[in-house]
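Reviewing the structure listed below.
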Amino acid sequence: MMDSSVFKKRLEHHMDELRWLYMELYDNGSMFAELCDTMEKYFNERSVLLKTRDEEKEKNPDWFKDKNMLGMMLYIDNFAGNIPGVEKKLGYLKECHVNCLHLMPFLDTVAGRSDGGYAVADFRKVRPDLGNMGQLAHLTQKCHENGINVCMDFVMNHTSQDHEWARRARTGEGEYMSRYFFIDDPKLVEAYEATVPQVFPTTAPGNFTWLPELNHYVMTTFYPYQWDLNYKNPRVFNEMMYNFLFLANLGMDVIRIDAVPYIWKELGTSCRNLKQVHTIVRMMRMIGEIVCPSVILLGEVVMEPAKVVPYFGTVEKPECHMLYNVTTMATIWHTLATEDTQLLNRQLASVCSLPGEYTFLNYLRCHDDIGWGLDFDFLKTQGMEEVAHKRFLNDFYTGKYPGSVSRGELYNDDPVTQDARFCGTAASMCGIETALESGDSQALSCAVGLDIMLHAYMLFQSGIPMIYSGDEIGQLNDYSYKNDPNKADDSRYVHRGAFLWDLAKKRKNKTSIQGRIFRALDQLETIRSHEPAFDKDARVYPCETGQNGIMCIVREINGRRMVGLFNFTRADHTVSLPFEEQGKDMLTGDPVDMKSVSLEEHGFKWILSAF
């Protein structure tokens with residue numbers, strides 16, 4: 001068991017920088033001293049098993065970059081009813097090769113005011129219908145025994161209006177009002193609104209909510225029941241760090257920081273990506289390394305690449321360990337709709353040029369909507385205007401565009417800006433839902449093949465792949481949310497449906513939709529976890545094919561070359577690669593002539609060769 005000398009050694013290593021940053025932000029020595037004392041308290045309370053885990057992972061700080069890492073995100077109730085139910089399904093998760101389980105928000109919320117769990121009423125309490133903290137700690141221990149890391153969301157930007165702080169602020173207690181942004185001057189609200197964009201212009205317009213009982217406005221960037229925290233108050237930072245450490249001590253391995261860019265607010269700015277946000281995340285990184293160094297930070301930064309990369313920090317002063325590859329996710333779906341890989345190629349080249357220390361989490365979709373945050377400056381040079389192109393994409397994926405087989409729903413469709421986001425499961429976006437409705441077996445086979453190709457592309461990228469629960473069996477959109485008054489206004493629930501275990505049973509049938517997708521992913525994930533070309537130190541770069549609809553990614557290490565070819569078009573193609581050696585199809589074992597590689601409609605190949 002680690003004694004207090006370990007804590008003191010870690011604290012001493014970071015003390016100068018941590019104190020300097022804290023005092024620069026708050027200039028409050030007594031609050032800093034309290035922070036250090038409380039950090040030691042949480043270190044002492046950390047279990048022997050978790051301290052042993054810390055020690056092991058300190059010896060291998062890049063453990064999360066291993067090529068066998070595979071994540072799955074799921075809602076506890078949708079997947080297995082409750083926390084003990086998830087524990088009973090660990091065998092299934094292992095069958096899926098999952099070793100990083102992202103449990104979507106499970107902390108206490110109020111029905112009808114939860115925003116999918118992101119309006120937290122109590123950071124120290126599990127939602128009662130899901131279980132309790134003891135069961136959560138037991139689940140994380142069982143996950144660890146089965147080689148599975150556990151990820152959770154830490155909602156730092158705001159609390160629910162039902163949180164104790166908010167309830168006390170609503171009674172007029174100054175101490176608690178100071179933990180939020182209360183304003184009694186309408187002109188000051190107007191001044192903020194003049195520079196701060198709206199997140200949900202249709203479902204939650206504006207950035208403030210009027211509270212008549214207090215004769216004040218409160219800042220609510222997301223929804224009126226989510227009150228933004230005021231990180232200019234050191235009490236807010238300290239208390240939220242204590243919540244962070246409390247949750248880490250339950251056995252969390254990955255803490256996903258929700259809405260990172262929004263944390264710091266300043267009048268006259270967009271209240272996004274301000275320099276103080278980086279100070280806070282850097283301090284959070286150091287606090288974790290002092291108390292619970294096996295815990296890593298995953299940043300949710302839904303921004304264009306130039307604004308995402310700074311959240312890694314620097315090699316000398318790192319911030320987040322991992323970031324979402326949001327732009328690539330959206331660009332994949334753009335590429336499929338346009339059958340043009342130029343933008344995707346451009347972005348792949350940009351990602352490949354970044355330092356190898358930077359790790360992205362890759363995915364085809366998540367719990368949230370798909371926002372079209374594309375590089376419209378580049379697309380404009382290709383004749384694609386932003387408003388018109390977004391409308392085309394939304395028409396394509398809702399099945400309104402001629403020839404489209406995709407099915408989904410719009411989210412926050414703004415009639416003024418003509419902007420909207422999109423919602424749907426991967427299978428429904430790929431046309432499986434449409435093909436089943438029409439009874440067209442040929443169309444169904446094509447749609448399943450497309451679904452597999454897109455997952456193959458996601459798995460081939462550098463970084464950590466993350467699958468949304470249900471996508472591994474081709475689960476379709478669930479429109480039942482419209483019958484629930486607490487969900488009906490939020491179309492994101494169309495792809496947050498309950499996991500269908502009866503469908504999952506069909507994964508053993510190799511001719512079923514579920515069997516085809518599940519078995520294909522199983523094969524791809526197995527190859528990925530064993531092939532040295534997927535090591536974190538491999539050289540990765542895009543390769544030009546001369547055909548705009550074909551993506552080619554090359555991975556090289558120690559004389560081994562893996563080539564990934566992905567056909568984003570609805571036509572067959574033959575591709576000539578600039579490599580002289582003979583290759584082998586990693587899925588079939590067949591020889592491949594690098595000068596003449598055949599790709600079917602929406603097909604792909606993983607090719608291995610030696611050079």
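Rounded to the nearest 0.5 Å, atoms CE (Met466) and CZ (Arg365) are 13.0 Å apart. Atom NE2 of His389 is separated from atom CG of Leu379 by 5.5 Å, given to the nearest 0.5 angstrom. Taking CG of Asp369 as the reference point, atom OG of Ser491 lies at 7.5 Å (rounded to 0.5 Å). Taken to the nearest 0.5 Å, the CG atom of Asp340 stands 11.5 Å off from the CZ atom of Phe568.
Partners of Arg124 under the salt bridge (Lys or Arg N to Asp or Glu O under 4.0 Å) rule, at least two apart in sequence or in another chain, do not exist in this structure. Listed by chain and residue number, nothing satisfies the ring-ring contact (aromatic ring centres under 6.0 Å, His included) test with His102 (two or more places apart in sequence, or in another chain). Not counting sequence neighbours, the partners of Ala119 by the side-chain contact (heavy atoms from CB on, under 4.5 Å) test are Ser160, Tyr225, Gln226. Not counting sequence neighbours, His455 has no partner by the ring-ring contact (aromatic ring centres under 6.0 Å, His included) test. In this structure, Arg167 has no salt bridge (Lys or Arg N to Asp or Glu O under 4.0 Å) partners at least two apart in sequence or on a different chain. In this structure, Tyr468 has no ring-ring contact (aromatic ring centres under 6.0 Å, His included) partners at least two apart in sequence or on a different chain. Here Glu300 pairs with Arg256 under the salt bridge (Lys or Arg N to Asp or Glu O under 4.0 Å) rule; sequence neighbours left out. In this view, Arg346 and Asp375 satisfy the salt bridge (Lys or Arg N to Asp or Glu O under 4.0 Å) rule, not counting sequence neighbours. Shown here are the side-chain contact (heavy atoms from CB on, under 4.5 Å) partners of Asn132, two or more places apart in sequence or in another chain: Gln135. Tyr92 is linked by a ring-ring contact (aromatic ring centres under 6.0 Å, His included) to Phe499, Trp501, counting only residues two or more places apart in sequence or in another chain.
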Q: Applying side chain to side chain donor-acceptor pair (under 3.5 Å), run through Asn273 and Tyr311 and close with a yes or a no.
A: CA-CA 9 Å; Asn273 301 301; Tyr311 286 91; 2.7 Å; yes
Q) Can Asp129 and Asn82 be said to form a side chain to side chain donor-acceptor pair (under 3.5 Å), step by step? A) CA-CA 7 Å; Asp129 61 305; Asn82 53 30; over 6 Å; no
Q) Run the ring-ring contact (aromatic ring centres under 6.0 Å, His included) check on Phe181 and Phe208 step by step: do they pass? A) CA-CA 9 Å; Phe181 288 91; Phe208 287 85; 8.2 Å; no
Q: Output, in order, the C-alpha distance, side-chain angles, deciding distance and verdict of side chain to side chain donor-acceptor pair (under 3.5 Å) for Trp372 and Asn394.
A: CA-CA 9 Å; Trp372 302 116; Asn394 286 322; 2.9 Å; yes
Q: Could you give me the CA-CA distance, side-chain angles and deciding distance for Asp153 and Tyr118, then say whether side chain to side chain donor-acceptor pair (under 3.5 Å) is met?
A: CA-CA 8 Å; Asp153 291 81; Tyr118 289 94; 3.0 Å; yes
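Counting non-hydrogen atoms of other residues, nucleotides and ligands closer than 6.0 Å to CZ of Phe376 gives a total above 12. Atom CD of Glu601 has more than 12 neighbouring heavy atoms from other residues, nucleotides or ligands inside a 6.0 Å radius.
A salt bridge does not link Arg519 to Asp522: none of the charged nitrogens lies less than 4.0 Å from a carboxylate oxygen. At a threshold of 4.0 Å, the pair Asp122-Arg127 does not count as salt-bridged, since none of the basic side-chain nitrogens sits closer than that to a carboxylate oxygen. Between Arg570 and Glu600, no side-chain nitrogen of the basic residue sits less than 4.0 Å from a carboxylate oxygen of the acidic one, so the salt-bridge criterion is not met. At a threshold of 4.0 Å, the pair Glu472-Arg507 does not count as salt-bridged, since none of the basic side-chain nitrogens sits closer than that to a carboxylate oxygen. A salt bridge does not link Asp478 to Arg496: none of the charged side-chain nitrogens sits closer than 4.0 Å to a carboxylate oxygen.
Judged purely by atom type and a 3.5 angstrom limit, Asn146 uses its side chain to pair as donor or acceptor with the backbone of Lys142. Put simply, the side chain of His495 gets close to the backbone of His367: a donor and an acceptor are under 3.5 Å apart. A donor-acceptor pair is defined here as one N or O able to donate and one able to accept, closer than 3.5 Å; no such pair exists between the side chain of Ser114 and the backbone of Ala111. Side-chain atoms of Arg272 come within 3.5 Å of backbone N or O of Ser270 as a donor-acceptor pair. At least one donor-acceptor pair under 3.5 Å links the side chain of His321 to the backbone N or O of Leu297.
Every pair passing salt bridge (charged side-chain N to carboxylate O under 4.0 Å, His left out) that includes a residue from residues 394-411 is listed here, sequence neighbours excluded: Glu409-Lys482.
A donor-acceptor pair shorter than 3.5 Å can be found between the side chains of Thr159 and Tyr180. With hydrogens and angles left out, the side-chain atoms of Asn509 and Ser512 include no donor and acceptor closer than 3.5 Å. Thr341 and Thr335 are not linked by any side-chain donor-acceptor pair at a separation below 3.5 angstrom, with hydrogens and angles left out of the test. Residues Asn567 and Lys605 have side chains that never bring a donor and an acceptor to within less than 3.5 angstrom of each other.
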Side-chain donor/acceptor pairs under 3.5 Å, residues 422-433, sequence neighbours excluded:
{"residue": "Thr425", "atom": "OG1", "partner": "Ser428", "partner atom": "N", "Å": "3.2"}
{"residue": "Thr425", "atom": "OG1", "partner": "Ser428", "partner atom": "OG", "Å": "3.3"}
{"residue": "Thr425", "atom": "OG1", "partner": "Gln475", "partner atom": "O", "Å": "3.0"}
{"residue": "Ser428", "atom": "OG", "partner": "Glu433", "partner atom": "OE1", "Å": "2.6"}
{"residue": "Ser428", "atom": "OG", "partner": "Asn477", "partner atom": "N", "Å": "3.0"}
{"residue": "Glu433", "atom": "OE1", "partner": "Asn477", "partner atom": "ND2", "Å": "3.3"}
{"residue": "Glu433", "atom": "OE1", "partner": "Tyr479", "partner atom": "OH", "Å": "3.4"}
{"residue": "Glu433", "atom": "OE2", "partner": "Tyr479", "partner atom": "OH", "Å": "2.8"}

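When each of Tyr192, Trp227, Trp210 is paired with Tyr217, the ring-ring contact (aromatic ring centres under 6.0 Å, His included) condition holds for Trp210 and for no other.
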